[in-house]
Amino acid sequence: MEGNDQIQARLEKRAKLLEQGIDPYGGRFDVHETIAVARANPTPERDVRLAGRLMSHRDMGKSMFADLKDSSGRIQLYIQKKVLNDEQFELFKHFVDLGDVIGVTGKLFVTHAGELTVRVETFTVLSKAIRPLPKEHFGIKDTETRLRQRYLDLWLNDKSRETFLLRSKIVSEIRKYLDGRGFVEVETPMMQPLAGGAAAEPFQTHHNALDLDLFLRVAPELYLKRLLVGGYEKVYEINRNFRNEGISRRHNPEFTMLEVYQAYGDFETMMELVQGMIVTVAENVFDQLTVKRYDGTEIDLTPPWRRITYREIVEERIGKEWFTLSPGDRKLRATQMGVEFPPDAPDYEVTNAIFEKTIEPTLMNPTFVTHLPAELVVLAKPNKQDAGIVDVFELIINGQEIAPAYSELNDPVVQRSRLLEQAAGHAEKLDEDFLTALEHGMPPAGGMGIGIDRLVMMLTGAESIRDVILFPLLRPQA
RNA sequence: GAGUCGGUAGCUCAGCUGGUAGAGCAACGGCCUUUUAAGCCGUGGGUCCUGGGUUCAAAUCCCAGCCGACUCACCA
């Protein structure tokens, strides 16, 4: 290992510990309680047995203070020469460094300054760190280091560690909510012969033994619908989707999607479900329905959430006359508003560009935007009164689409023609296996997809998707 | 993929009207038995992202590249 003076010093300490017959990488150490539990039971002179990482120390000569941190919290250690023997004290003083993982036993007491502290009686080196950990006060702020060496970020930045704990709790509450309503969690293929269920660029891979080209899935939708055909009435899957597209503050090539299907329901069933689910999650995880965003503004999750049709919200924001304009005038207006679109964009795409660029980003509180134009959604049921729109909603919170939901299209003949249209006539791109399943009869159903990463962003006030994905994709370091 | 900004010691940062690299913490040695960003004395530590160029002289100016952040595009 190359190294600076600090690495050299630590390597020497490691070697000297070994020479003295002390294993600097320890072994099983039965921790009696977490630091948080120890702090919650501060009876003076109570025996404790704790383990964690040494985060700071203050050497006073014949005694020293140090801070021990585990996943639950931190506690101060007091190491005294007269309590340990001379040899052990010198060992601690000269061979234990910031960042080392150690186990300690001792008794609780409260210092003059009022801080609960462990008077250390014995300690064990459980893992000697060869690389220095920055002193916690300065932390680790460099974004690149935080992402590439997430373990440092987690140890040193409480906010980061808390966000990922919250993510776990959120996902766990979602499962609880759905399980409690009779939904069955399933897992469907992530490697698919055809990447269907969403208009997105897939990753490609290859199975050698079958000599088969495969795609990483862009959505589980078509498989979950096969399960509806198979008699599952309430199913969901929480798993990764992969899309071979750009990376941004809101996009990671692999992201976690929740998809839910309920037979005999429709998009309004999903509306109630998602509202109930997010409200319950917020209450159970955060104890409140107000979320503070990174910019200080607040999101109010109090139900019932606003419902408005796509047409109405466009008219509300852009002007009642919008849909009476000629397609040419609409393009002109859109361009004047600084919204870009391909020159040959069809009419509905111009309107949708307006919606996505100027309306969606302003919707902070939960809003169900319903009944999008049929052209935008190929897997949804047409509205019975107006075949030009479909029975769907997009739930917008935090200026981002959190969940689209549909009354799922279950007419196999219509579905085939819509998919064929979308594939621009390329029949070989149709998922015949899926269409065959539909031809066997899929019950009418409500279906919904929720981007878990974005939901977590919204609920934790995170500014970037990288703040809620432990190991977001980065270019390898040069 | 395009534009803008950034990359200096282990960490956090200063230095960038060009004059040959600094601070605090961390490390190392010493003092100190209730400190908590402990304190005091001393020592060492740098491919200033990489490669070119301009110049007597480049961390600093110019060009190219690498990596990251942000914005845009693709998309959720």
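Lettering of chains follows the sequences in order, A, B, ..., and the numbering in each one begins at 1. Atoms considered below: every heavy atom in the structure, side chains included; atoms not considered: hydrogens, waters and symmetry mates.
In this structure, A:F341 places its CZ atom 17 Å from P of B:C72, rounding to the nearest Å. Atom CZ of A:R58 is separated from atom C1' of B:A37 by 9 Å (rounded to the nearest Å). As rounded to whole Å, 6 Å separates atom P of B:C72 from atom CZ of A:R250.
Across all strands shown, B:A37 forms no Watson-Crick or G-U wobble pair with both key distances under 3.5 Å. Of the nucleotides present, B:A2 is the one that pairs with B:U71 by Watson-Crick or G-U wobble criteria, both distances under 3.5 Å. Taking a pair to require two hydrogen-bonding distances under 3.5 Å in either a Watson-Crick or a G-U wobble arrangement, B:A76 remains unpaired.
Between A:G451 and A:F109, the residue whose closest nucleotide on RNA chain B is further toward the 5' end is A:F109.
Between the side chain of A:Q76 and the base of B:U35 there is at least one donor-acceptor pair of N/O atoms closer than 3.5 Å. For A:Q6 against B:A26, a side-chain N or O and a base N or O form a donor-acceptor pair under 3.5 Å.
In this structure, the aromatic ring of A:F65 is not positioned over the six-membered ring of the base of B:A38 within 5.5 Å between centres and 30° between planes.
In the set B:A26, B:U12, B:U33, the nucleotide with an atom closest to the side chain of A:K141 is B:U12. The nucleotide whose nearest atom lies closest to any side-chain atom of A:S464 is, among B:C25, B:C70, B:A76, B:C70. Each of B:G68, B:A76, B:U36 was ranked by its minimum atom distance to the side chain of A:L474; first place goes to B:G68. Listed nucleotides: B:A27, B:A69, B:U34. Nearest to the side chain of A:H57: B:A27. Among the nucleotides B:C11, B:A69, B:C32, the one closest to any side-chain atom of A:K62 is B:C32. Of the candidates B:G68, B:A37, B:C28, the closest approach to any side-chain atom of A:A9 belongs to B:C28. If you check B:U33, B:G24, B:A38 against the side chain of A:Y78, the one that comes closest is B:U33. Closest to the side chain of A:I140, out of B:U33, B:C11, B:A27, is B:C11. The side chain of A:R466 lies closest to B:C70 when the candidates are B:G24, B:A27, B:C70. Nearest to the side-chain atoms of A:P132 among the listed nucleotides B:C28, B:C70, B:G10 stands B:G10.
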Would you check, one step at a time, whether the test side-chain hydrogen bond (donor to acceptor under 3.5 Å, both in side chains) holds for A:R306 with A:N365?
CA-CA 8 Å; A:R306 186 180 190 207; A:N365 287 338; over 6 Å; no
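Residue A:L147 is classed as a sugar-phosphate contact, given heavy-atom separations below 4.0 Å to backbone atoms only. When heavy atoms are screened at a 4.0 angstrom cut-off, A:A113 is found touching base atoms of the nucleic acid. Residue A:A199 is classed as a sugar-phosphate contact, given heavy-atom separations below 4.0 Å to backbone atoms only. Heavy atoms of A:K81 sit nowhere under 4.0 angstrom from any nucleic acid atom. Across all strands, A:G139 comes closer than 4.0 Å only to sugar-phosphate atoms, never to a base (heavy-atom distances). Nucleic acid contact class of A:E401 (heavy atoms, under 4.0 Å, all strands): sugar-phosphate only. Contacts of A:D59 with the nucleic acid, taken as non-hydrogen atoms under 4.0 Å apart, include base atoms.
Residues A:V279 and A:W305 are in side-chain contact: their nearest non-hydrogen atoms beyond the backbone lie under 4.5 Å apart.
In this structure, A:F65 has its ring center closer than 6.0 angstrom to the ring center of A:Y78.
Geometrically, A:R226 engages A:Y223 in a cation-pi contact defined by less than 6.0 Å to the ring centre and at most 45° from the axis.
Residue A:K13 places at least one side-chain N or O closer than 4.0 Å to OP1 or OP2 of B:C28. Residue A:R249 places at least one side-chain N or O under 4.0 Å from the OP1 or OP2 atom of B:U71.
Under the side-chain hydrogen bond (donor to acceptor under 3.5 Å, both in side chains) rule, A:E90 has a single partner from A:K93, A:Q88, A:H94, which is A:H94.
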How does protein reach along nucleotides 1-9 of chain B, written 5' to 3' as B (base within reach of a heavy atom under 4.0 Å), S (only sugar-phosphate), or - (no contact)?
S--------
